2 protein chains.
Amino acid sequence: MTDRADILDPMADHRDHYHHGNLREALLDAAECMIVESGVAGLSLRQVAKHAGVSQAAPYHHFASKEALLAEVARRGFAKLVAGLSAAATEPDPIARMAGLGAAYVQFGLENPAVYRLMFGAEFCPTEVFPELKESGDRAFSILMEAVAHGQALGVFWGDEPSTPSFAVWSSVHGLVSLLMARVPPEKVMHGVPMTHESMMAATMAFIIAGLRGERVLAP
Amino acid sequence: MTDRADILDPMADHRDHYHHGNLREALLDAAECMIVESGVAGLSLRQVAKHAGVSQAAPYHHFASKEALLAEVARRGFAKLVAGLSAAATEPDPIARMAGLGAAYVQFGLENPAVYRLMFGAEFCPTEVFPELKESGDRAFSILMEAVAHGQALGVFWGDEPSTPSFAVWSSVHGLVSLLMARVPPEKVMHGVPMTHESMMAATMAFIIAGLRGERVLAP
DNA sequence: TCGACCATCTTGACGTCGTTAAGTTAGGCG
DNA sequence: CGCCTAACTTAACGACGTCAAGATGGTCGA
């Protein structure tokens with residue numbers, strides 16, 4: 001099809017142009033696009049291939065299975081999430097940094113709900129089968145933990161051990177995103193009180209800050 | 001097969017014994033059992049039917065589709081969750097009640113991870129298609145909101161509007177269960193600190209109590 | 001310049017899946 | 001006793017994931 005185009009357009013300096021151009025990336029793009037439109041559950045590898053303009057078996061020269069392709073889409077998602085968090089992690093004030101991290105996290109989740117579900121769904125591409133996925137997630141967690149340790153070092157946050165409160169923070173924000181996606185349409189009103197995504201997020205962040213600053217209430 | 005068994009065993013007083021006995025419940029039981037063993041993604045309706053001892057098309061006389069059967073399994077899960085929460089909701093002390101609700105919620109999630117994922121996954125049986133699922137979830141939320149309002153009425157919890165902080169509580173606990181299931185094996189050690197499910201839960205509950213008691217830190 | 005190599009992609013096939021249509025069985029009621 | 005209808009079976013359709021075998025075309029040493 002693009003017989004002469006490869007000569008006229010030698011943009012791929014390395015080895016990115018194979019037979020049909022960079023099929024691996026094209027498949028990933030197509031899969032992500034189709035996931036965003038129709039969800040993960042109904043995704044068909046054959047349609048991904050058709051969408052990329054190749055035959056049904058072509059993807060198997062770049063991915064071991066449909067699950068492996070989905071895992072790579074999820075890995076890209078984690079990379080994007082880490083990029084967003086990193087941008088927010090430069091803020092020096094601990095509370096402002098934590099608020100920025102939370103906002104970046106929620107923004108990523110609500111802007112990429114399908115990919116977010118794929119990343120944390122564990123039904124498709126489980127972390128046991130694809131350990132690089134777990135590693136990508138841990139990288140995001142490290143940014144959060146660094147922010148907690150930063151606040152602890154300055155005496156703004158309680159304690160001196162960052163991993164446990166970091167996990168509690170992650171739980172809160174992850175739960176917020178999950179519930180906002182699954183159960184709260186943006187205009188929902190409950191018992192006469194409007195529940196906007198913004199107010200839900202403000203309440204969760206208030207919980208997080210209160211938890212980070214406060215003393216323990218329950219034993220241990 | 002059970003030609004005479006129906007006569008020898010007339011336990012089903014109402015109309016529960018059709019051709020093969022109560023196939024609807026048998027299918028639900030088989031599906032739940034198979035989901036627990038192998039997850040939702042790989043579940044096959046044909047295997048569910050075979051597991052129940054009927055042909056491939058038999059389920060369609062009791063459920064409109066595979067998704068509808070899964071939705072009913074999820075609905076049963078919500079009923080079980082509500083039962084567990086209700087038992088913990090009798091405690092009069094607000095903080096103890098909240099801790100009990102959290103423990104009951106986490107216990108349900110960790111004891112039924114596959115069904116929990118189905119309930120909140122939103123990939124299979126979405127709430128838009130099965131509104132009774134949403135209703136079941138709202139019933140669980142009401143128990144939590146009642147507990148928050150109870151604490152607010154006694155002046156133990158901050159504020160006088162229960163739905164927003166209740167949502168933050170739900171977020172935290174839901175996120176805790178999700179992350180414990182997906183990313184934290186029970187024996188995980190992170191940066192030299194052992195992260196047990198119990199310590200993660202204690203930290204999250206401390207956050208929740210602190211958030212419920214404390215003043216707002218961020219501007220709403 | 002040419003031929004061999006090899007990664008890349010296609011064709012075709014297998015078994016399984018969800019779902020539907022048409023036929024079969026058996027208990028309930030006239 | 002015979003019809004009715006719900007419950008179930010058999011058979012089939014198209015789509016799916018995946019693999020084996022063959023076609024294709026760029027790369028590189030001779």
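So you know, we letter chains A, B, ... as the sequences are listed, proteins then strands, and number each from 1. In this text, all values refer to a predicted model and were calculated from it rather than measured experimentally.
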Novice: Take atom NZ of A:K50 and atom P of C:dT11, then tell me their distance rounded to the nearest Å.
Specialist: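 The distance from NZ of A:K50 to P of C:dT11 comes to 12 Å, rounded to the nearest Å.
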
Novice: Base, sugar-phosphate or nothing for A:S44? Non-hydrogen atoms, less than 4.0 Å.
Specialist: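 Sugar-phosphate, no base atom in range.
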
Novice: Measure from the side-chain heavy atoms of A:L23 and tell me the nearest of C:dT19, D:dT18, C:dC9.
Specialist: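 Selected nucleotide: C:dC9.
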
Novice: Does the pair A:E72/A:R24 count as a salt bridge with the N-to-O cut at 4.0 Å?
Specialist: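 Counted as a salt bridge, because a side-chain N and a carboxylate O are separated by less than 4.0 Å.
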
Novice: Taking N and O atoms by type only, does the side chain of A:Q47 place a donor or acceptor under 3.5 Å from a partner on the base of D:dA15?
Specialist: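 Per atom types, no contact qualifies.
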
Novice: Write down the distance between CZ (B:F63) and C1' (C:dT19), rounded to a whole number of angstrom.
Specialist: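 For the pair B:F63 CZ and C:dT19 C1', the rounded distance is 16 Å.
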
Novice: Counting any heavy atom closer than 4.0 Å, what does A:L69 reach on the DNA or RNA strands: base, sugar-phosphate only, or nothing?
Specialist: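 Here A:L69 touches no strand at all.
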
Novice: Can you find a side-chain donor-acceptor pair between B:S163 and B:S166 that sits under 3.5 Å?
Specialist: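 Looking only at side-chain atoms, B:S166 and B:S163 do not form any donor-acceptor pair under 3.5 Å.
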
Novice: Whole Å only: how far is the CG atom of B:L45 from the C1' atom of C:dT20?
Specialist: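 In whole Å, C:dT20 C1' and B:L45 CG are 13 Å from each other.
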
Novice: Would you mind reading off the distance between A:L70 atom CG and D:dG17 atom C1', rounded to a whole angstrom?
Specialist: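 Nearest whole value for this atom pair: 12 Å.
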
Novice: Of the nucleotides D:dG17, C:dT19, D:dT9, which one has an atom closest to the side chain of B:A57?
Specialist: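 Closest nucleotide among those given: D:dT9.
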
Novice: Looking at A:E132 and A:R75, is any side-chain nitrogen of the basic one under 4.0 Å from a carboxylate oxygen of the acidic one?
Specialist: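 So A:R75 does not pair with A:E132 through a salt bridge.
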
Novice: For the residue pair A:F120 and A:F78, categorise the inter-ring angle as parallel (less than 30°), tilted (30 to 60°) or perpendicular (more than 60°).
Specialist: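 A:F120 and A:F78: perpendicular rings.
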
Novice: Do the side chain of A:Q56 and the base of D:dA15 come within less than 3.5 angstrom through a donor-acceptor pair of N or O atoms?
Specialist: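 Such a pair does not exist between side chain and base.
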
Novice: Choose from C:dG18, C:dT11, D:dT9 the nucleotide whose nearest atom is closest to any side-chain atom of B:V54.
Specialist: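 Taking heavy atoms from C-beta onward, the closest nucleotide is D:dT9.
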
Novice: Can you tell me the distance, in whole Å, between the CG atom of A:L27 and the P atom of D:dG17?
Specialist: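 Going from CG in A:L27 over to P in D:dG17 covers 13 Å.
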
Novice: If you assign each of A:R46 and B:A58 to its closest nucleotide in DNA chain D, which residue comes earlier from the 5' end?
Specialist: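 With A:R46 and B:A58 compared, the 5'-side residue is B:A58.
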
Novice: Evaluate the side-chain proximity of B:M145 to B:W170: yes if any heavy-atom separation is below 4.5 Å, no if none is.
Specialist: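 B:W170 vs B:M145: side chains apart.
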
Novice: Separation of B:K66 atom NZ from C:dT20 atom C1', in whole Å?
Specialist: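 So the NZ-C1' distance, B:K66 to C:dT20, works out to 17 Å.
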
Novice: The side chain of B:H61 is closest to which nucleotide in this list: D:dT9, D:dT18, C:dC17?
Specialist: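 Out of D:dT9, D:dT18, C:dC17, the nucleotide with an atom closest to B:H61's side chain is D:dT9.
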
Novice: For B:Y60 and C:dA22, what is the distance between atoms OH and P respectively, to the nearest whole Å?
Specialist: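 Distance, rounded to whole Å: 17 Å.
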
Novice: Tell me whether the side-chain N/O atoms of B:H62 come closer than 4.0 Å to OP1 or OP2 in D:dC8.
Specialist: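 So the side-chain polar atoms of B:H62 do come within 4.0 Å of the phosphate oxygens OP1 or OP2 of D:dC8, strictly under.
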
